[in-house]
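Heads up, the thing below is written out as structure tokens.
Positions are given from 1, in the same order as the sequence printed here.
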Amino acid sequence: MENRFNYLLKNIGVLMIANFSSKILVFLLVPLYTSVLSTTEYGSYDLAVSTATLLFPVLTLNVVDAVMRFSMDYIIDKKSIASIGLKFISISVILFGICIWILNCINLLSGISSLGIYIFLYYVSYAVNQLLIQFSKGLERVKDMGIAGVIGTFVTIVTNILFLLVLKLGLNGFFFSSILAQMISATYLTVRIKVWEYIDVKKIDKKTQHEMLIYSIPLIATAVGWWINSAADKYVVAFMLGVASNGLLSVSYKIPQIINTLQGIFTQAWQISAVKEYGEEETSKFYGNTFSFINLLMCAACSFLIVLSRPLAHILYAKEFYVAWQYVPFLLLSSVLNCASGLLGPILAAKKDSKAMMWSAIIGAVANIIMNIILVYLIGIQGATIATAICSYIIYAVRKKAVGKDIQIEDYFTIIVTWLLLFVQAFVESYLSIIPIEVVIMAILVIVNIKGINRIFFKIKHVFIH
């Protein structure tokens with residue numbers, strides 16, 4: 001058990017050092033974005049990127065997830081896996097180009113139809129980078145993944161300053177920055193893992209390809225469901241309230257991005273451990289302990305950031321963007337619940353139970369769309385954030401039922417109470433803004449979770465001593 005936990009902590013540590021500090025630097029660029037770009041420009045960029053990331057799992061048949069999972073099966077030829085992945089990525093690029101052409105012809109998304117070439121280049125860089133990241137993860141090249149993330153962040157910072165402040169390229173420069181960051185990150189991974197040694201179209205095994213597609217195709221619904229839960233609110237707000245309102249909602253996601261970054265680090269490390277340890281002795285207890293450990297850390301970060309919503313908005317949101325602070329608290333809660341779902345996903349992936357992940361996504365997506373339309377109509381932008389939080393819990397509940405006895409979580413009642421307290425704190429911050437009440441809620445959170453807090457300190461102390 002201790003060796004498993006140490007291996008997980010080691011991977012978390014590598015990714016934390018490599019990614020979190022660099023992501024914080026990008027986070028600090030938010031004042032630059034909000035001072036240089038208008039709410040309409042920022043909303044258009046966010047809509048374009050959301051469209052690209054939505055189409056990616058559909059056009060690729062979500063093959064990158066299969067690349068990661070099957071790369072960890074030692075008996076399967078890695079050349080066949082990598083070649084299959086590249087084949088479907090290449091086909092998707094052609095299909096995406098056709099989609100962009102059609103969108104331009106029918107002017108379906110008027111806010112982004114003029115950005116066709118930038119969206120296409122973004123998709124190409126995004127698709128290749130995702131393939132290389134997942135293949136590296138399957139090869140357990142965690143350190144290389146971390147360094148690639150740092151390189152991508154460094155390029156983002158430098159090019160944002162160059163394109164937005166020096167050359168004053170505006171929205172076009174913002175796109176160029178994102179494209180270059182992903183291309184250079186992908187180039188680094190290509191060289192480090194020597195990807196050319198794994199690419200051989202003659203090595204594509206039809207049986208392996210069939211098995212990978214059986215696994216990955218149900219995950220299309222999973223990926224689209226995750227996208228809907230994180231991005232459908234932006235489309236609903238854009239169509240019902242206007243692109244400028246979507247700009248406010250989009251920028252409000254920047255503070256929750258701190259938790260999302262933590263979630264990404266934990267999930268990447270956890271994916272490797274969950275698959276590696278599946279079927280071993282006391283696996284369900286290891287899964288449960290890890291879930292409780294990571295969830296408690298995320299809840300602590302959420303509560304702390306809810307209190308800081310307005311101070312951080314003063315620093316980060318310029319001009320008319322400042323009012324977006326009121327949408328942050330419920331998005332923070334949503335990030336915590338998404339993390340909980342994300343921790344159950346790798347367990348289902350280890351079982352190769354992609355259908356359970358598919359149904360959780362479908363149920364969550366349908367609920368999200370319906371609730372977003374109703375709540376945005378009734379209470380405006382805030383309705384989108386509340387709908388997202390509720391639907392994040394729905395996805396978690398469905399996955400929890402699917403995982404069943406494969407995970408043993410101690411003090412599960414405490415976890416539910418903690419989430420409810422965070423919901424209350426989010427409501428108080430958004431609508432009442434009474435700090436003393438929030439302090440009381442935070443004190444109750446500490447008391448309720450004192451057992452878990454002591455357990456975390458003991459684990460960390462044990463790791464460092466030994």
Checklist entry - Say you draw a straight line from CD1 of I100 to CG of L95; how long is it, rounded to the nearest 0.5 Å? => result 12.0 Å
Checklist outcome for this item: residues 213-226 vs salt bridge (Lys or Arg N to Asp or Glu O under 4.0 Å), sequence neighbours excluded, gives none
Next on the checklist: Do H314 and W325 make a side-chain contact, defined as non-hydrogen atoms from C-beta onward lying under 4.5 Å apart?
Outcome noted: no
Checklist entry - Is atom CE of M240 surrounded by more than 12 heavy atoms (other residues, nucleotides or ligands) closer than 6.0 Å? => result yes
Next on the checklist: Tell me whether the count of non-hydrogen atoms from other residues, nucleotides or ligands lying under 6.0 Å of OH in Y412 goes above 12.
Outcome noted: yes
Checklist entry - Which pair of heavy atoms, one from L344 and one from I407, lies closest together, and at what distance? => result CD2-CD1, 4.0 Å
Checklist entry - Got a salt bridge between E410 and K285, using NZ or NE/NH1/NH2 to carboxylate O under 4.0 Å? => result no
Checklist entry - So, for P311 and V307, which heavy atoms are closest and what is the spacing to 0.1 Å? => result CD-O, 4.0 Å
Checklist entry - With under 30° as parallel and over 60° as perpendicular, where do the rings of Y126 and Y122 fit, or are they tilted in between? => result parallel
Item to check | Whether Y396 and W419 hold their rings parallel, tilted or perpendicular, with breakpoints at 30° and 60° | outcome: perpendicular
Next on the checklist: Heavy-atom count check: over 12 atoms from other residues, nucleotides or ligands less than 6.0 Å from K400 NZ?
Outcome noted: yes
Checklist entry - Are any non-hydrogen side-chain atoms of Q130 and F56 less than 4.5 angstrom apart? => result yes
Checklist entry - Minimum heavy-atom separation for L164 to V36, with atom names? => result O-CG1, 4.2 Å
Checklist entry - Counting distance only, does the side-chain N/O of S177 pair as donor-acceptor with the main-chain N or O of G173 below 3.5 Å? => result no
Next on the checklist: Between N372 (side chain only) and N368 (backbone N and O only), is there a donor and an acceptor less than 3.5 Å apart?
Outcome noted: yes
Checklist entry - Are the side chain of S430 and the backbone N or O of Q326 linked by a donor-acceptor pair below 3.5 Å? => result yes
Checklist entry - So do M183 and V128 actually touch side chain to side chain, heavy atoms under 4.5 Å? => result no
Item to check | pair L343-T290: side-chain heavy atoms closer than 4.5 Å | outcome: no
Checklist entry - Is the ring centre of F163 less than 6.0 Å from the ring centre of F174? => result no
Checklist entry - Would you call the rings of Y215 and F70 parallel, tilted or perpendicular, where under 30° means parallel and over 60° means perpendicular? => result perpendicular
Item to check | Side-chain (N449) to main-chain (L445) donor-acceptor, under 3.5 angstrom | outcome: yes
Item to check | Student check: side-chain heavy atoms of N295 and C339 closer than 4.5 Å | outcome: no
Next on the checklist: Aromatic contact between F427 and F330, with the criterion being ring centroids under 6.0 Å apart: yes or no?
Outcome noted: no
Next on the checklist: Given 3.5 Å as the limit, does a donor-acceptor pair link the side chain of N160 with the main chain of T156, or not?
Outcome noted: yes
Next on the checklist: One pair to check against side chain to side chain donor-acceptor pair (under 3.5 Å): S334 and S392. What are the steps and the verdict?
Outcome noted: CA-CA 6 Å; S334 177; S392 294; 2.9 Å; yes
Checklist entry - With side chains defined as the heavy atoms from C-beta onward, is the minimum distance between I259 and M298 less than 4.5 Å? => result yes
Checklist entry - Please, which pairs that meet salt bridge (Lys or Arg N to Asp or Glu O under 4.0 Å) have at least one residue in residues 235-246, sequence neighbours excluded? => result none
Next on the checklist: Between S92 and I89 (side chain of the first, backbone of the second, donor and acceptor by atom type, cut-off under 3.5 Å), is there such a pair?
Outcome noted: yes
Checklist entry - Shortest non-hydrogen contact from N260 to S335? => result OD1-OG, 2.9 Å
Item to check | side chain to side chain donor-acceptor pair (under 3.5 Å) evaluation trace for S216 with D65 | outcome: CA-CA 7 Å; S216 69; D65 279 359; over 6 Å; no
Checklist entry - Going through the distances and angles, do Y45 and S178 end up as a side chain to side chain donor-acceptor pair (under 3.5 Å)? => result CA-CA 11 Å; Y45 170 84; S178 297; 2.7 Å; yes
Item to check | Working for side chain to side chain donor-acceptor pair (under 3.5 Å), residues R399 and S341 | outcome: CA-CA 7 Å; R399 287 193 172 189; S341 299; 5.5 Å; no
Checklist entry - Is there a donor-acceptor pair under 3.5 Å between the side chain of Q425 and the backbone N or O of S303? => result yes
Checklist entry - Looking only at side chains, do Q182 and S185 share a donor and an acceptor under 3.5 Å apart? => result no
Checklist entry - In terms of heavy-atom contacts, does OH of Y377 have more than 12 from other residues, nucleotides or ligands at under 6.0 Å? => result no
Checklist entry - Do F96 and I119 have side chains that get closer than 4.5 Å, going by heavy atoms? => result yes
Next on the checklist: Looking only at side-chain N and O atoms, does S292 offer a donor or acceptor that is under 3.5 Å from a partner on D411?
Outcome noted: no
Item to check | Heavy-atom pair of closest approach, residues L333 and F423 | outcome: CD2-CD1, 3.6 Å
